[in-house]
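Below: the structure, in structure tokens.
Reminder, nothing fancy here: chain letters follow the sequence lines and each chain counts from 1. Since we're looking at a predicted model, the values are computed, not measured.
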Amino acid sequence: KAGVTQTPRYLIKTRGQQVTLSCSPISGHRSVSWYQQTPGQGLQFLFEYFSETQRNKGNFPGRFSGRQFSNSRSEMNVSTLELGDSALYLCASSRGEGALSEKLFFGSGTQLSVL
Amino acid sequence: AQSVTQLGSHVSVSEGALVLLRCNYSSSVPPYLFWYVQYPNQGLQLLLKYTSAATLVKGINGFEAEFKKSETSFHLTKPSAHMSDAAEYFCAVGAGGGGATNKLIFGTGTLLAVQP
């Protein structure tokens with residue numbers, strides 16, 4: 001069974017550009033959440049989706065957005081990139097609505113570098 | 001609001017020695033607590049989780065953690081370190097208190113080095 005797949009693995013962009021990251025959850029998983037990981041701020045929650053609906057959003061500016069498709073695949077978009085957006089973006093999936101009793105499976109992440 | 005504090009950003013042990021990684025939590029509701037491990041250039045892997053059942057939780061790779069409400073702690077231990085245990089370890093608390101969310105609040109991580 002394939003794990004959580006994130007594409008691309010590495011990405012280099014320049015300030016002001018926008019970027020779209022993709023996450024394919026494990027087959028049968030309907031919940032997807034995104035985290036940003038940086039050396040300075042650590043792991044921070046971005047947003048969470050279940051059945052195409054955003055259930056939770058972290059404390060990030062509106063430049064960060066996401067969506068989930070009917071096949072549970074998710075994308076996140078960052079517009080007007082800033083140097084501080086350089087980070088490892090991690091996606092995680094679970095089977096149901098969460099409640100934290102389920103196991104979260106993380107992808108290997110997309111490493112975004114903003115120059 | 002929930003939060004976790006990991007004491008010690010770097011821990012170094014000798015192979016075969018006890019591993020002890022410290023985590024203290026703050027939660028206004030009964031907490032869901034987790035330990036994750038991250039190897040270089042990889043995502044996070046769940047080691048173990050506490051969800052109000054047994055206070056001593058056994059995980060993968062010989063790790064275990066004990067929930068101590070009186071000390072608001074959830075320290076991770078392994079009796080004998082192996083070279084392959086070298087990684088970064090994250091303690092996390094569930095933000096929803098058991099509600100329909102997978103939102104986790106992570107600690108700042110502890111980098112474990114294992115010396116031969």
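Proximity to chain B (any heavy atom under 4.5 Å) is restricted, for A/Tyr35, to the side chain, taken from C-beta onward. In this structure, chain B has no heavy atom under 4.5 Å from any part of A/Gln6. In this structure, the portions of A/Leu43 lying under 4.5 Å from any heavy atom of chain B include both its backbone and its side chain.
In A/Arg73, the CZ atom is crowded: over 12 heavy atoms of neighbouring residues, nucleotides or ligands sit closer than 6.0 Å.
Hydrophobic side-chain contacts under 4.5 Å tie A/Leu81 into a cluster, directly or through other members, with A/Leu11, A/Val19, A/Leu21, A/Val32, A/Trp34, A/Leu46, A/Phe47, A/Tyr49, A/Phe60, A/Phe64, A/Met76, A/Val78, A/Leu83, A/Tyr89, A/Leu112, A/Val114.
Partners of B/Trp35 according to the side chain to side chain donor-acceptor pair (under 3.5 Å) rule, which considers only residues two or more places apart in sequence or in another chain, do not exist here.
If you chain together hydrophobic residues whose side chains sit under 4.5 Å apart, B/Val11 and B/Leu76 fall into the same group.
Residues A/Arg63 and A/Asp85 are paired through a salt bridge, judged by an N-O separation under 4.0 Å between the basic side chain and the carboxylate.
Chain A is approached within less than 4.5 Å, heavy atom to heavy atom, by B/Tyr36, B/Gln38, B/Asn41, B/Gln42, B/Gly43, B/Leu44, B/Leu46 from residues 36-48 of chain B, ordered by number.
The minimum heavy-atom distance linking A/Leu104 with A/Ser94 is given by the pair CD2-CB, 3.9 Å.
Identified under the side-chain hydrogen bond (donor to acceptor under 3.5 Å, both in side chains) test for residues 59-70 of chain B, with sequence neighbours left out: B/Lys58-B/Glu64.
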